Amino acid sequence: MQLNRFEKSIVRHPLRLWLQRQLERRMLLKLFAKPLPAFSCALEIGCGFGEGIALMRQELGAKEVWALDFDLDMVSHCAGRYLEQNWLHLCQGDGSALPFADSQFDLVVDFAAFHHIPDWQQAVAEVHRVLRPGGYFVMEELYRAAICNPLSRRLFEHPEENRFNHAELLAVVEDSGNFEIVRQHQLPALAGIILARKTFGKA
């Protein structure tokens with residue numbers, strides 16, 4: 001599901017950008033042990049206006065970045081923002097049917113995209129498929145209480161059925177294959193951040 005006009009304006013608001021560049025950046029980096037793993041090929045699901053791309057490249061040191069969004073306008077915006085960057089590959093697509101090969105990436109990130117995906121459980125399974133053994137999956141998500149309330153329904157457009165909370169998201173990640181939870185934190189009922197690692201038990 002695409003963001004509506006109001007949500008796009010929120011995502012691009014200077015306060016939202018400040019939060020991403022200051023607070024969320026620190027939270028992201030604290031998930032990983034030091035020194036950071038070397039990421040040769042990374043994927044962002046739901047690239048939006050491209051802030052996550054910058055984090056993956058500049059802060060996590062990804063050598064090659066793939067960025068996917070369901071909204072073609074978002075893909076076009078990122079293409080204009082990152083002109084002639086041969087380390088970046090953009091495409092339009094569905095997070096629950098990723099157009100990538102098995103075990104293609106050593107890092108996959110979801111910066112609040114999965115709560116827009118109707119079949120988010122299938123999206124988790126797709127991440128497991130495209131992630132290499134030993135690779136990392138970062139999730140920063142909004143939960144049912146944050147998006148399925150009268151105010152959110154009035155302002156935004158999100159799927160109403162089959163939404164999740166922190167425990168339900170953790171359970172699906174753990175049950176989807178051979179993921180181990182490395183670190184996880186939550187803002188009670190509203191949002192959370194999870195770092196999972198695909199173990200070497202299965203391809």
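Residue numbers start at 1 and run along the sequence shown. Keep in mind that this is a model prediction, so the values were computed, not measured.
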Q) Is there a side-chain contact between Val109 and Leu55, using heavy atoms and a 4.5 Å cut-off? A) no
(Q) Are the side chains of Val127 and Leu43 in contact, using a 4.5 Å heavy-atom criterion? (A) no
Q. Is the centre of the Tyr136 ring less than 6.0 Å from the centre of the Phe32 ring?
A. yes
Q | Single-linkage hydrophobic cluster, 4.5 Å side-chain cutoff, Val182 and Met27 together | A | yes
Q: Would you give the length of the straight line joining atom CE of Met74 to atom CG of Leu90, rounded to the nearest 0.5 angstrom?
A: 13.0 Å
Q. Going from CG on Leu195 to CG on Leu28, what distance comes out if it is rounded to the nearest 0.5 angstrom?
A. 9.0 Å
(Q) Rounded at 0.5 Å granularity, tell me how far CE in Met56 sits from CH2 in Trp87. (A) 9.0 Å
(Q) Let me confirm one number: the SG-CG distance from Cys148 to Asn165, rounded to the nearest 0.5 Å. (A) 11.0 Å
Q. Of all residues at least two apart in sequence or in a different chain, which pass the side-chain hydrogen bond (donor to acceptor under 3.5 Å, both in side chains) check with Gln184?
A. His166
Q) Any chain of hydrophobic side-chain contacts (each under 4.5 Å) joining Phe111 to Leu36? A) yes
Q) Short question: side chain of Ser96, backbone of Gln122 - any donor-acceptor pair under 3.5 Å? A) no
Q: Measure the spacing between CG of Leu88 and CG of Leu83 and express it to the nearest 0.5 Å.
A: 10.5 Å
Q: Report yes if some heavy atom in the side chain of Cys41 is under 4.5 Å from a heavy atom in the side chain of Phe100; otherwise report no.
A: no
Q: Could you tell me whether the side chain of Val173 reaches within less than 4.5 Å of the side chain of His128, counting heavy atoms only?
A: no
Q | Minimum heavy-atom distance Arg163-Pro118, with the two atoms named | A | NH2-O, 3.0 Å
Q. Which atoms form the tightest heavy-atom contact between Phe39 and Leu60, and what is the distance?
A. CD1-O, 3.5 Å
(Q) On a heavy-atom basis, which atom in Phe105 and which in Ala42 lie closest, and how many Å separate them? (A) CD2-C, 3.7 Å
Q. Which pairs with one or both residues in residues 104-128 pass salt bridge (charged side-chain N to carboxylate O under 4.0 Å, His left out), sequence neighbours excluded?
A. Asp106-Arg132, Glu126-Arg129
Q) How close do Ile53 and Cys78 get, heavy atom to heavy atom, and via which atoms? A) CD1-SG, 4.0 Å
Q) Within a strict 4.5 Å, meaning less than it, do heavy atoms of the Phe164 and Glu141 side chains meet? A) yes
Q. Of all residues at least two apart in sequence or in a different chain, which pass the ring pair (Phe, Tyr, Trp, His ring centres under 6.0 Å) check with His89?
A. Trp66
(Q) If you define the side chain from C-beta out and look only at heavy atoms, does anything of Asp94 sit under 4.5 Å from Leu68? (A) no
**Q.** Atom pair CG/NE2 of Asp71 and His77 - distance to nearest 0.5 Å
**A.** 11.5 Å
**Q.** Glu51/Arg81 salt bridge by N-O under 4.0 Å criterion
**A.** yes
Q. Can you name the residues that form a side-chain contact (heavy atoms from CB on, under 4.5 Å) with Ala145, not counting sequence neighbours?
A. Ala189, Leu190
(Q) To check you understand the geometry: which heavy-atom pair defines the closest contact between Cys91 and Val75, and what is its length? (A) O-CG2, 3.6 Å
Q: Would you list the pairs meeting salt bridge (charged side-chain N to carboxylate O under 4.0 Å, His left out) in which at least one residue belongs to residues 56-67, sequence neighbours left out?
A: Arg25-Glu59
Q) Counting distance only, does the side-chain N/O of Tyr143 pair as donor-acceptor with the main-chain N or O of Gln186 below 3.5 Å? A) no
Q) Minimum heavy-atom separation for Ile117 to Ala123, with atom names? A) CD1-CB, 4.1 Å
Q. Would a 4.5 Å heavy-atom cut-off, applied to side chains only, mark Ile194 and Phe179 as touching?
A. no
(Q) Main chain of Asn162, side chain of Trp120: is a donor-acceptor contact present, judged purely on distance under 3.5 Å? (A) yes
Q) Should Val65 and Leu29 be counted in the same cluster of Ile, Leu, Val, Met, Phe, Trp and Tyr side chains packed under 4.5 Å apart? A) yes
Q) Heavy atoms, side chains only, cut-off 4.5 Å: are Gln121 and Glu168 in contact? A) no
Q: Give every residue pair that meets the salt bridge (charged side-chain N to carboxylate O under 4.0 Å, His left out) criterion with at least one member in residues 169-186, sequence neighbours excluded.
A: Glu180-Arg197
